[in-house]
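For reference, the structure is listed below as structure tokens.
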Amino acid sequence: MVYDVIVVGTRPAGAATALLLARAGLRVLAVDRARFPSDTLSTHQIQPPGVALLRRWGLLEALLAAGTPMIRTARFDHPAAVLHGAYPGPDGVLSPRRTLLDALLVDAARAAGAEVWEGFAVTDLLWTDGRVTGVEGAFRRGAPASASAAVVVGADGKRSTVARRAGARSYRVRPPTSGACYAYVEGLELTGGEVYPRADRLASVWPTNDNLAVAFLSVPRARFDDVRGRGFRAGFGERLAGTRLAGPVRATVDLPNGYRVPFGPGWALAGDAGLVMDPITGQGIGNALRDADALAAALVSGLGGGRPLRAALAAYQRRRDRERRAMYRITTSMAAFGPDRAGRWLYPALARDPAGVTCFLGVLAGLTPPNRLWPAALRGLRLTGPRAQPLNTADERFGAG
Ligand SMILES: Cc1cc2nc3c(=O)[nH]c(=O)nc-3n(C[C@H](O)[C@H](O)[C@H](O)COP(=O)(O)OP(=O)(O)OC[C@H]3O[C@@H](n4cnc5c(N)ncnc54)[C@H](O)[C@@H]3O)c2cc1C
């Protein structure tokens with residue numbers, strides 16, 4: 001059978017793309033070398049723009065019904081000031097285990113009419129006259145197979161085979177600078193997310209399914225070996241005291257940053273395959289869902305004759321690059337653990353005014369443009385007295401770093 005679109009990779013970017021294309025009536029094949037439900041090396045914070053898409057697609061209720069916490073408040077606990085408040089807008093940060101989220105998306109794609117091959121690894125692209133026309137690969141037990149389509153979407157993650165085989169050009173690449181570790185924790189009382197940025201690390205704790213919390217620690221690469229094992233708990237000061245790790249500490253330094261041109265003749269990229277950034281700001285899943293939304297619209301329009309496919313995909317790239325630019329800069333800067341020049345005055349100024357805290361959380365959530373921070377900080381600087389928040393409240397138990 002010839003498909004309209006083959007999607008390689010069926011986690012957030014790929015399964016959501018397949019779901020939307022199938023709902024639009026296209027013939028879709030989605031393949032993944034993994035089987036579902038299955039875990040992947042990732043924590044779980046979906047920023048509010050991604051949550052809004054899950055709501056729009058009718059998937060949020062099932063995640064909430066499975067006990068997934070919607071986190072409406074966060075505490076950003078910097079040595080210079082504590083910013084504690086609510087996210088702006090109707091949605092908070094959602095924190096589903098990937099075993100749950102990814103399987104739900106795959107099931108929804110299938111229910112919408114996409115054909116899904118699990119346990120199928122793509123090894124190469126098929127080409128006709130300089131255009132990608134399909135994929136070839138093998139099932140786990142070795143049986144080879146191939147399939148053809150008008151467009152192949154690479155949603156196959158940061159080490160994308162589709163991008164490599166298609167020759168997708170990289171740009172704005174920044175070298176990996178951090179190492180990341182995380183573990184599940186039992187017995188940690190949390191009312192929201194907590195983030196502890198320090199000079200030599202960033203630690204955060206977030207509730208997730210099954211009454212567990214996920215504890216995430218990011219450090220400069222040079223410190224990775226110190227914290228990946230026994231040093232993990234120490235990275236959280238006293239915050240994990242009295243709790244138990246429910247499972248091993250998972251760790252990686254495979255944390256690239258960079259953009260790829262996300263389309264060419266017969267192919268397109270979504271999610272980490274097209275734009276990857278360090279997980280320190282927890283943007284990747286939301287970005288993958290946003291890519292799926294925009295790419296599916298471009299493909300529906302381009303393949304349906306609404307506008308030339310190339311123009312639709314070029315608009316997809318422009319929009320992606322415009323929307324992610326500021327967060328990419330924030331993320332790569334935080335992951336570099338350089339001197340925190342702004343923090344010393346910016347955070348105390350923002351902390352004086354609840355509107356400043358909301359603005360700051362909105363920026364981290366990808367809801368508020370970062371240039372709104374400066375006017376908010378200036379407003380805060382004018383406020384004094386009883387509205388000022390105490391500084392360094394967490395340092396004694398956490399360590400200033
Ligand atoms: C330690 C860590 C913590 C993170 N924490 C967060 C967080 O809290 N919040 C957040 O938003 N993001 C986080 N991220 C990033 C997030 O995991 C990714 O951005 C997100 O998973 C990208 O989704 P995706 O669908 O593009 O790719 P992936 O989730 O990587 O999925 C790609 C899929 O493609 C399949 N595949 C790959 N190659 C092939 C092939 N050749 N043939 C067939 N299938 C193939 C894989 O099996 C996989 O299932 C974290 C990342 C790390 C490393």
Side-chain angles (χ1 to χ4, degrees), residues 6-18 29-51 71 93-98 101-103 105-106 116-125 135-140 145 152-165 176 178-183 193 195 204-206 208 214-218 228 249-257 260 262 269-292 295 327 331 335 364-366:
I6 296 172
V7 183
V8 184
T10 65
R11 291 195 189 269
T17 304
L29 170 65
V31 305
D32 201 302
R33 64 182 171 209
R35 294 189 162 280
F36 298 89
S38 59
D39 214 345
T40 187
L41 195 69
S42 177
T43 53
H44 324 300
Q45 285 68 62
I46 308 179
Q47 304 298 334
V51 178
I71 303 158
V93 166
L94 197 70
S95 185
R97 288 290 294 259
R98 293 292 296 264
L101 174 74
D102 296 2
L105 286 165
V106 170
V116 182
W117 295 355
E118 298 183 30
F120 180 81
V122 168
T123 51
D124 212 343
L125 299 175
V135 299
E136 65 180 18
F139 286 95
R140 277 198 181 166
V152 172
V153 171
D156 48 345
K158 59 193 171 192
R159 301 286 165 210
S160 169
T161 302
V162 174
R164 195 174 59 251
R165 296 290 184 185
S178 75
C181 320
Y182 68 95
V195 183
S204 66
V205 283
W206 301 84
T208 186
V214 60
F216 172 85
L217 186 63
S218 172
R228 60 186 304 187
V249 176
R250 299 173 205 196
T252 182
V253 285
D254 183 18
L255 300 173
N257 303 285
R260 290 190 179 113
L269 303 175
D272 278 6
L275 167 49
V276 65
M277 56 182 92
D278 192 286
I280 195 163
T281 51
Q283 302 293 315
I285 303 169
N287 285 348
L289 299 176
R290 291 163 80 186
D291 277 3
L295 177 59
M327 188 50 78
T331 302
L364 289 188

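One-based numbering, in listed order, for ligands and for the atoms of each. Every heavy atom of this structure was used, including side-chain atoms; hydrogens, water molecules and symmetry mates were not. As the structure is a computational prediction, the values presented were derived from the model and not from experiment.
- Scanning both residues, Leu105 and Pro12, for their nearest heavy atoms gives CD1-CA, 3.7 Å.
- Of the protein's non-hydrogen atoms, Asp272 OD1, 2.8 Å is the one closest to atom 19 (O) of ligand 1.
- Checked against a 3.5 angstrom limit, the closest N/O atoms of Val122 and ligand 1 fall inside it.
- What sits closest to atom 27 (O) of ligand 1 on the protein, heavy atoms only, is Gly157 CA, 3.8 Å.
- For atom 31 (O) of ligand 1, the closest heavy atom belonging to the protein is Arg11 CB, 3.4 Å.
- At a threshold of 4.5 Å between non-hydrogen side-chain atoms, the residues Arg11 and Ser38 count as touching.
- Nearest protein neighbour of atom 13 (C) of ligand 1, counting heavy atoms only, is Ser42 OG, 3.6 Å.
- Counting heavy atoms only, Asp156 comes closest to atom 34 (O) of ligand 1 of the residues Asp156, Val7, Asp102.
- Those atoms of ligand 1 with a heavy atom of Gly284 less than 4.0 angstrom away are 10 (C), 11 (O), 12 (N), 19 (O).
- Contact annotation: the side chain of Thr281 never approaches that of Gln47 to less than 4.5 Å [non-hydrogen atoms, C-beta and beyond].
- Side-chain contact between Val122 and Phe120: present, with at least one pair of heavy atoms (C-beta onward) separated by less than 4.5 Å.
- A heavy-atom separation below 4.0 Å is found between Phe120 and ligand 1.
- Around atom 46 (C) of ligand 1, the closest heavy atom drawn from Thr123, Leu275, Asp32 belongs to Asp32.
- Contact check for Arg33 versus Asp156: no side-chain heavy atoms found under the 4.5 Å cut-off.
- For ligand 1, the atoms sitting less than 4.0 Å from at least one non-hydrogen atom of Gly9 are 33 (C), 34 (O), 35 (C), numbered in the order shown with element in parentheses.
- Taking all heavy atoms of Gln45, Arg35, His44 into account, the minimum distance to atom 10 (C) of ligand 1 is reached by Gln45.
- At least one N/O-N/O distance between Thr43 and ligand 1 falls below 3.5 Å.
- Residue-ligand proximity, Ala121 to ligand 1, at heavy-atom distances under 4.0 Å covers atoms 42 (N), 43 (C).
- Heavy-atom minimum distance, Glu118 versus Arg35: OE1-CA, 3.4 Å.
- Regarding atom 53 (C) of ligand 1, its nearest protein heavy-atom neighbour is Leu41 O, 3.4 Å.
- Under the 4.5 Å side-chain criterion, counting only non-hydrogen atoms from C-beta, Asp39 is in contact with Arg97.
- Among the atoms of Ile285, some N or O lies under 3.5 angstrom from an N or O of ligand 1.
- Residue Ile46 places no heavy atom under 4.0 Å from ligand 1.
- Within the structure, ligand 1 has Arg98 among the residues with a heavy atom less than 4.0 angstrom away.
- Between Thr252 and ligand 1, not a single N/O pair is under 3.5 Å apart.
- The shortest N/O to N/O separation between Ala13 and ligand 1 falls below 3.5 Å.
- Not a single N or O atom of Thr40, backbone or side chain, sits closer than 3.5 Å to an N or O atom of ligand 1.
- Atom 44 (N) of ligand 1 has Arg33 N, 3.1 Å as its closest protein atom, hydrogens excluded (heavy atom only).
- When all heavy atoms are compared, the tightest approach of Leu289 to Gly50 is CD1-O, 3.8 Å.
- Of all atoms in ligand 1, listed by their number and element, those nearer than 4.0 Å to a heavy atom of Ala155 are 32 (C), 33 (C), 34 (O).
- Looking at Lys158 next to ligand 1, no N or O pair under 3.5 Å apart turns up.
- Looking only at side-chain heavy atoms (C-beta outward), Ile46 and Leu101 come within less than 4.5 Å of each other.
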